K.L.:
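I have a structure here, written as structure tokens, and I will follow up with some questions on it.
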Amino acid sequence: MKEVQVKLPFNLDGGLTVYRSRVWQGLTLEWREGHLLLEFPAEADSISSAVYGGGTGRLKRAVNQYVTRDYECSNPVRDMENKLQEWGYPLEGCAGLMTAVPLEHAAVAEEDTGSAGIMCCVTAAAGNAARAGSQRSVLAAYRPGTINIMLGIDGWLSPSAMVNAVMTATEAKAAALADLGITDSENGLTATGTTTDAIVLAVSGSHRYAAEHVYAGTATDLGGAIGRLVYSAVTESLRSVKAAEAVLRAQAAQPELQGQPGQQSKGGRG
């Protein structure tokens, strides 16, 4: 299996706030106050399940907004529209996602297949992991997505290939959860996602590659790369969140340990 290099670009001591794609010239991912901004160098064909601006159409940018776990989500479309206006983004040509995952856990992976350039950004946590196809509780209202995938492809894809690409990305996400042993808390079965995942796929339509993709399943070079990138980015984002949670638990336990008689200091025996 081809090794995938995954980065957590906004979790660096150097304070990086802008990630520039190496496979799609002019594509940038920027960490701004309260959101990630994925901006395309030109309008791109898109299909998405975004809570704001979802469906099919033309996109200039996609926003992944951080919200707290207690976000009151009775009208997320209105809330997102207000935020976009506050941030100064045109409403037209924008897709908006919401996540309760702190944005420093965003994982980015890229690949130039020789027939397309692919960039994948994932924010993921599994607190509300769920298994599709099993009996479980349903939600009466929207909840902020816990695994959000933003996928940009510099190349030419037919509309059916775009749908195929979303299928492949979803299969890769489910495979990552299975391999990490993540289960649905209601029934203990292997999770296939979380209760409110979302995806945005944007395609440049460029003919700079001598390829026209009409399929994007796992047997194609395009689908194979999509699967590797999504699988790796989902895995890395989940691991980053888990590691941060472990640190917080250790810090919370430290005062209790220090207050107990017979506890030695971190420095060991003296």
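Quantities reported herein were computed from a predicted structural model and do not represent experimental measurements.
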K.L.:
So if you build clusters from Ile, Leu, Val, Met, Phe, Trp, Tyr with side-chain heavy-atom gaps below 4.5 Å, do Phe40 and Trp31 land together?
P.N.:
yes
K.L.:
Would you call Lys242 and Glu245 a salt bridge, taking side-chain N to carboxylate O under 4.0 Å as the test?
P.N.:
no
K.L.:
Between Leu27 and Leu38, is there a side-chain heavy-atom distance shorter than 4.5 Å?
P.N.:
yes
K.L.:
Any sub-3.5 Å donor-acceptor pair from Ser237's side-chain atoms to Ala233's backbone N or O?
P.N.:
no
K.L.:
Just so I know, are the side chains of Glu236 and Val122 near enough to count as touching, which here means a heavy-atom distance under 4.5 Å?
P.N.:
no
K.L.:
Donor-acceptor check, side chain of Ser204 to backbone of Gly155, threshold 3.5 angstrom: yes or no?
P.N.:
yes
K.L.:
Is a donor on one side and an acceptor on the other found under 3.5 Å between the side chain of Asn148 and the backbone of Thr123?
P.N.:
no
K.L.:
Which heavy atom of Ser46 sits nearest to which heavy atom of Leu59, and what is that distance?
P.N.:
OG-CD1, 3.1 Å
K.L.:
Should Val77 and Asn75 count as side-chain neighbours, where that means a heavy-atom distance under 4.5 Å?
P.N.:
yes
K.L.:
Check whether any side-chain heavy atom of Met119 sits under 4.5 Å from a side-chain heavy atom of Val108, and report yes or no.
P.N.:
yes
K.L.:
Might you work through the side-chain contact (heavy atoms from CB on, under 4.5 Å) test for Leu180 and Thr235, ending with a clear yes or no?
P.N.:
CA-CA 8 Å; Leu180 290 171; Thr235 299; 4.2 Å; yes
K.L.:
Any non-hydrogen side-chain atom of Gln85 less than 4.5 Å from a side-chain atom of Leu91?
P.N.:
yes
K.L.:
Honestly curious: do Leu36 and Tyr19 fall in one hydrophobic cluster under the side-chain, below-4.5 Å linking rule?
P.N.:
yes
K.L.:
When you measure from the side chain of Thr192 to the backbone N and O of Ala132, does any donor-acceptor pair fall under 3.5 Å?
P.N.:
yes
K.L.:
Between Glu39 and Arg61, does any side-chain N to carboxylate O distance fall below 4.0 Å?
P.N.:
yes
K.L.:
Give the cluster check for Tyr66 versus Leu97: same hydrophobic cluster or not, with ILVMFWY residues linked at side-chain heavy-atom distances below 4.5 Å.
P.N.:
yes
K.L.:
Got Ile153 and Ile226 here, is their nearest side-chain heavy-atom distance under 4.5 Å?
P.N.:
yes
K.L.:
Evaluate the side-chain contact (heavy atoms from CB on, under 4.5 Å) criterion for residues Trp87 and Gln65: first the C-alpha distance (whole Å), next the side-chain angles of each, then the deciding distance (0.1 Å), finally the verdict.
P.N.:
CA-CA 11 Å; Trp87 294 326; Gln65 179 193 357; 3.8 Å; yes
K.L.:
Heavy atoms, side chains only, cut-off 4.5 Å: are His207 and Glu212 in contact?
P.N.:
yes
K.L.:
Same hydrophobic cluster for Met162 and Tyr209, using side-chain heavy-atom links shorter than 4.5 Å among ILVMFWY?
P.N.:
no
K.L.:
Hey, what do you get for CG (Leu201) to OG1 (Thr56), rounding to the nearest 0.5 Å?
P.N.:
11.5 Å
K.L.:
Does Met167 share a hydrophobic cluster with Tyr215, counting links as ILVMFWY side-chain heavy atoms below 4.5 Å and allowing steps through other members?
P.N.:
no
K.L.:
Assess the residue pair Met98 and Tyr52 against the criterion (side-chain contact (heavy atoms from CB on, under 4.5 Å)); give the C-alpha distance rounded to whole Å, side-chain angles, the decisive distance to 0.1 Å, and a yes or no.
P.N.:
CA-CA 9 Å; Met98 291 180 173; Tyr52 182 88; over 6 Å; no
K.L.:
Has the side chain of Asp184 got a donor or acceptor atom that lies under 3.5 Å from a matching backbone atom of Arg131?
P.N.:
yes
K.L.:
Does the Asn164 side chain pair with the main chain of Gly217, one donor and one acceptor, at a distance under 3.5 Å?
P.N.:
yes
K.L.:
Is the Tyr89 ring parallel, tilted or perpendicular to the His35 ring (thresholds 30°, 60°)?
P.N.:
perpendicular
K.L.:
Indicate yes or no for a side-chain donor-acceptor contact from Lys7 to the backbone of Ala109 under 3.5 Å, with no hydrogens or angles considered.
P.N.:
no
K.L.:
What's the spacing between Leu189 CG and Ile182 CD1 if we round to 0.5 Å?
P.N.:
14.5 Å
K.L.:
Around Arg20, counting heavy atoms of other residues, nucleotides and ligands shown, do more than 12 lie under 6.0 Å from its CZ?
P.N.:
no
K.L.:
Looking at Ala244 and His105, what are the two nearest heavy atoms and their distance?
P.N.:
CB-CE1, 3.6 Å
K.L.:
What are the two closest non-hydrogen atoms of Asp154 and Val23, and how far apart are they?
P.N.:
OD2-O, 3.9 Å
K.L.:
For His213 and Thr220: C-alpha separation, side-chain torsions, deciding distance, then whether side-chain contact (heavy atoms from CB on, under 4.5 Å) applies.
P.N.:
CA-CA 9 Å; His213 298 279; Thr220 65; 6.0 Å; no
K.L.:
First locate atom CG of Leu29, then atom CZ of Phe10, and finally report the distance between them rounded to the nearest 0.5 Å.
P.N.:
4.0 Å
K.L.:
Val234 and Ala176: which non-hydrogen atoms are nearest, and at how many Å?
P.N.:
CG1-CB, 3.9 Å
K.L.:
Which value, rounded to the nearest 0.5 Å, describes the distance between Asn128 atom CG and Glu186 atom CD?
P.N.:
10.5 Å
K.L.:
Measure across Leu8 and Ala106 and return the closest heavy-atom pair with its distance rounded to 0.1 Å.
P.N.:
CD2-O, 3.3 Å
K.L.:
Looking only at heavy atoms, what is the nearest atom pair of Ala169 and Ile149, with distance?
P.N.:
O-CD1, 4.5 Å
K.L.:
Spell out, as yes or no, whether a donor-acceptor pair under 3.5 Å connects the side chain of Thr190 to the backbone of Ala178.
P.N.:
no
K.L.:
Taking the side chain as C-beta and beyond, is there a heavy-atom pair between Leu222 and Ile118 under 4.5 Å?
P.N.:
yes
K.L.:
Could you grab the distance from atom CG of Leu37 to atom CG of Leu84, nearest 0.5 Å is fine?
P.N.:
10.0 Å
K.L.:
Please determine whether the number of non-hydrogen atoms from other residues, nucleotides or ligands lying under 6.0 Å from atom CD of Glu33 exceeds 12.
P.N.:
no
K.L.:
Rounded to the nearest 0.5 Å, how far does CD1 of Ile199 lie from SG of Cys120?
P.N.:
8.0 Å
K.L.:
Donor-acceptor check, side chain of Asp197 to backbone of Thr194, threshold 3.5 angstrom: yes or no?
P.N.:
yes
